[in-house]
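Lettering follows sequence order; numbering is per chain, from 1. Hydrogens, waters and symmetry mates play no part in the numbers below; they use all other heavy atoms, side chains included.
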2 protein chains.
Amino acid sequence: MSSSAEENYIKAIFTIAERTGKGASTTAIAAQLSTKASSVTDMVKRLNEKGLVDHRPYHGVTLTDQGTRIATQIIRKHRLWETFLVNHLHYKWDEVHELAEQLEHIDSDDLHDRLDKFMDHPKFDPHGDPIPDKEGRIVDMAGAVPLAEVPKDTLVHIVGVKDSSPAFLKLLDGLGLKLGTQLTVNRRFEFGNSVEVSSRFRSGLLLQEEVSLQLIVKPL
Amino acid sequence: MSSSAEENYIKAIFTIAERTGKGASTTAIAAQLSTKASSVTDMVKRLNEKGLVDHRPYHGVTLTDQGTRIATQIIRKHRLWETFLVNHLHYKWDEVHELAEQLEHIDSDDLHDRLDKFMDHPKFDPHGDPIPDKEGRIVDMAGAVPLAEVPKDTLVHIVGVKDSSPAFLKLLDGLGLKLGTQLTVNRRFEFGNSVEVSSRFRSGLLLQEEVSLQLIVKPL
DNA sequence: CTAATTGTTTAGGCTCGCCTAATTATGGAT
DNA sequence: ATCCATAATTAGGCGAGCCTAAACAATTAG
C-alpha cells in the first residue's frame, strides 16, 4: 500500500513529533530526510490525500490515526530487525541502523510476527528502545531518566541511549559502557554540568552533559 | 548500484537462459516479468549501457560476465532467505518465494555472508536448488535426473523440484513427497509416460509425466 | 522468393519522487 | 501595525519504469 518513500516520510514525521512534541514542519522533514522542502510539500500533499497526515501550513504536519499506525509498524519492523542483526548475526549495536532501514520496508506482517516469535518477543532493541507489539502498543519506560538528572550516590543501570548514532555508540564502547552496565553517580560538577560515575570496571569516569543527557538510566 | 527493477530483469534473463540454453528474447523476458515487450526494450537498453547485457535483436539478450555475477548474487540471496524462512521461521516450502523476492534485493554482501554463516553454509535451499557461494560458485548436482528418466527398480531419493510453484509443492505435500523421500520405480507405463513408485509410507503411487519430469531425484 | 506471422522497436504519454528557481505567505520582532 | 526573515508553495523540468498504439524487421512457411 505504501511505498518505501512514503514510509520514510511517515517515520520522519513520527520521530520529529516525538522529539519536539509538535507537528513536523516542512523544513524539519526535509532536514530529517536530506531532501528539499519542495519535495516535502509534494509528498505531504500525497500523504494527505491518502488520509495519512493532516497539515496546517506553518503549524506542522501531524499523522492521522492511520498514519500513526503505519509509523509504529515501521518502527516495530526496524527494531525487530536491529535486534535480530545484533543478537543472531552478531553485528555491533552501532552497525545495524542502515541495514534495518532497508529491512523495515519488507512488506509482510506475518514475517515480522514470526521474526518476533523466533526471538521470543523481545521488548527492547539493542539501543534500549522499546519494540511496539503487533497491535502497536509500546511498553512505557517508567522510571527511566537521562543520567544527567540522577542525584548523587544513586545506583542505576543503563537502559537506553537517546542518540543512536554510530559515533556516540562507539564512544560508549570505548568507555566500557553498554546496556545493563551499573553506575553510581559519585560527584556532580557545576562546570559543563558534568557528572563523575563509577562502574564495576572503571571508576572516576567524568561525563560531560553532552553524554549524560543521551544516556538513559533507571535506578536500581 | 542496481535498482530492484534492474535486478529483476537480470535475474529473469539468467533464468531464461538457464531454462532454454539460449539468449532471452524480448518477449520471453516480458512474459517472465509480467510486463510489456516495449518496457523490456527500454530496460535492455539501459542494462546494455551499463555493460550488464549484450543484445542481438531476434537472437536474444545475454548477460555479460558482470551481469552474470550480479545474477548469481541475487540468486544466492534469494535462496539464503528461503532457507532461513523455512528452517528458522518455520515457513512451508511453498510459502517463501514471494518473501524471498523482496528480501533478495537487500543491499549488503556482509549481511548475506553472515546469514550464510548463521545457517552453517547451507548448500541447498528448501526446494533442493543449490545456493551459490559468495564467489558465485554453484555446486553441480551430478547424478541428479528427473524421476521420469529413472529405470525400473531403481532406488532413488528426491533431491529437488524443477517447478517450485506453490501449486506443485502443495501437490507433493499431499502425496507425502518431500526432499529426501526415498522412492523406487516399480513400473513404467506407456500411457501418459507415467511411472508407479513406492515410498516407505505409500506404495503404488502413480505419477504422470507432468509430475515426474519436475521431480529431481538421485540414485542411492 | 515472397508473404504472412511473429518479434521488436519507436513514439508519445503516464506516475512517482526528486530537483532548482521563483514566488508568496506568515509569525514574530520592532 | 508594519516589516522582515523565514517557511512554504508553485512552476517547470528530469529520470526511472511502466504503458498503448503504431511502425517496422526478420524468420519461416508456402
Side-chain angles (χ1 to χ4, degrees), chain A residues 1-14 16-17 19-63 67 70-71 74 101-102 104-105 107, chain B residues 1-14 16-17 19-63 67 70-71 74 101-102 104-105 107:
Chain A
M1 293 295 129
S2 302
S3 67
S4 287
E6 286 172 346
E7 292 189 349
N8 287 336
Y9 275 91
I10 290 170
K11 193 171 58 145
I13 293 162
F14 184 91
I16 291 167
R19 186 171 64 229
T20 65
K22 292 189 278 195
S25 69
T26 303
T27 335
I29 298 169
Q32 175 87 7
L33 295 176
S34 307
T35 184
K36 296 299 148 85
S38 54
S39 306
V40 175
T41 301
D42 272 5
M43 182 60 95
V44 166
K45 204 180 76 200
R46 276 192 290 268
L47 293 175
N48 178 60
E49 278 159 9
K50 288 192 173 196
L52 302 177
V53 304
D54 292 322
H55 186 197
R56 289 182 43 221
Y58 299 92
H59 292 274
V61 180
T62 50
L63 294 172
I70 292 175
I74 300 166
E101 295 255 301
Q102 289 188 61
E104 73 191 4
H105 300 299
D107 181 22
Chain B
M1 291 296 128
S2 303
S3 67
S4 287
E6 286 172 346
E7 292 189 349
N8 287 336
Y9 276 92
I10 291 169
K11 194 172 57 146
I13 293 163
F14 184 91
I16 291 166
R19 186 171 65 229
T20 64
K22 290 190 279 195
S25 69
T26 303
T27 335
I29 297 169
Q32 175 85 8
L33 296 176
S34 307
T35 182
K36 295 299 148 82
S38 53
S39 306
V40 175
T41 300
D42 271 7
M43 181 60 95
V44 166
K45 205 180 76 201
R46 276 192 291 269
L47 293 176
N48 178 61
E49 280 159 8
K50 288 193 172 195
L52 302 177
V53 305
D54 292 322
H55 186 194
R56 291 183 40 223
Y58 298 91
H59 292 274
V61 181
T62 51
L63 294 172
I70 293 174
I74 300 165
E101 295 256 299
Q102 289 189 61
E104 72 191 5
H105 299 299
D107 180 21

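No side-chain heavy atom of Asp42(B) sits less than 4.5 Å from a side-chain heavy atom of Lys36(B). Using a 4.5 Å cut-off on side-chain heavy atoms (C-beta onward), Ser2(B) and Tyr9(B) make no contact. A heavy-atom distance below 4.5 Å is not found between the side chains of Thr26(A) and Val44(A). The side-chain heavy atoms of Lys11(B) and Glu101(B), taken from C-beta on, include a pair separated by under 4.5 Å.
If you check distances only, the side chain of Tyr58(A) never reaches the base of dG27(C) with a donor-acceptor pair under 3.5 Å. At a cut-off of 3.5 angstrom, counting only N and O atoms as typed in the model, there is no donor on one side facing an acceptor on the other between the side-chain of Asp42(A) and the base of dC16(C).
Across the protein-nucleic acid pair, Leu47(B) atom CG and dG15(D) atom P stand 18 Å apart, rounded to whole Å. If you take NZ of Lys45(A) and P of dT15(C), they are 12 Å apart, rounded to a whole angstrom. Atoms CZ (Arg56(B)) and P (dT27(D)) sit 9 Å apart, rounded to a whole Å. Summarising the geometry, the separation between CG on Asn48(B) and P on dA16(D) is reported as 15 Å, rounded to the nearest angstrom. In this structure, the CE atom of Met43(A) is 16 Å from the P atom of dT15(C), given to the nearest Å. Taking atom CD of residue Glu7(B) and atom P of nucleotide dA16(D), one finds them 16 Å apart after rounding to whole Å. In this structure, Lys36(A) places its NZ atom 15 Å from P of dA22(C), rounding to the nearest Å. Protein atom CD1 of Ile29(B) is 15 Å distant from nucleotide atom C1' of dG17(D), rounded to whole Å.
At the heavy-atom level, Ala5(A) lies under 4.0 Å from the strands shown only through sugar-phosphate atoms. At a threshold of 4.0 angstrom between heavy atoms, the contacts of Ser39(A) include nucleobase atoms, whether or not backbone atoms are also involved. Across all strands, Thr27(B) comes closer than 4.0 Å only to sugar-phosphate atoms, never to a base (heavy-atom distances).
At dC18(C), one or more side-chain N or O atoms of Tyr9(A) fall inside 4.0 Å of OP1 or OP2 (strictly under the cut-off). Close to dC16(C), at under 4.0 Å from its OP1 or OP2, lies no side-chain N or O of Arg46(A). Between dT9(D) and His55(A), a contact under 4.0 Å exists linking OP1 or OP2 to a side-chain N or O. For Ser38(A) and dC18(C), the shortest distance from a side-chain N or O to OP1 or OP2 is not below 4.0 Å. A sub-4.0 Å separation between OP1 or OP2 of dG27(C) and a side-chain N or O of His59(A) is present.
For the pair Pro57(A) and Thr35(A), nearest-nucleotide mapping onto DNA chain C gives the more 5' position to Thr35(A).
A distance of 4.5 Å separates CZ of Arg46(B) from CE of Met43(B), quoted to the nearest 0.5 Å.
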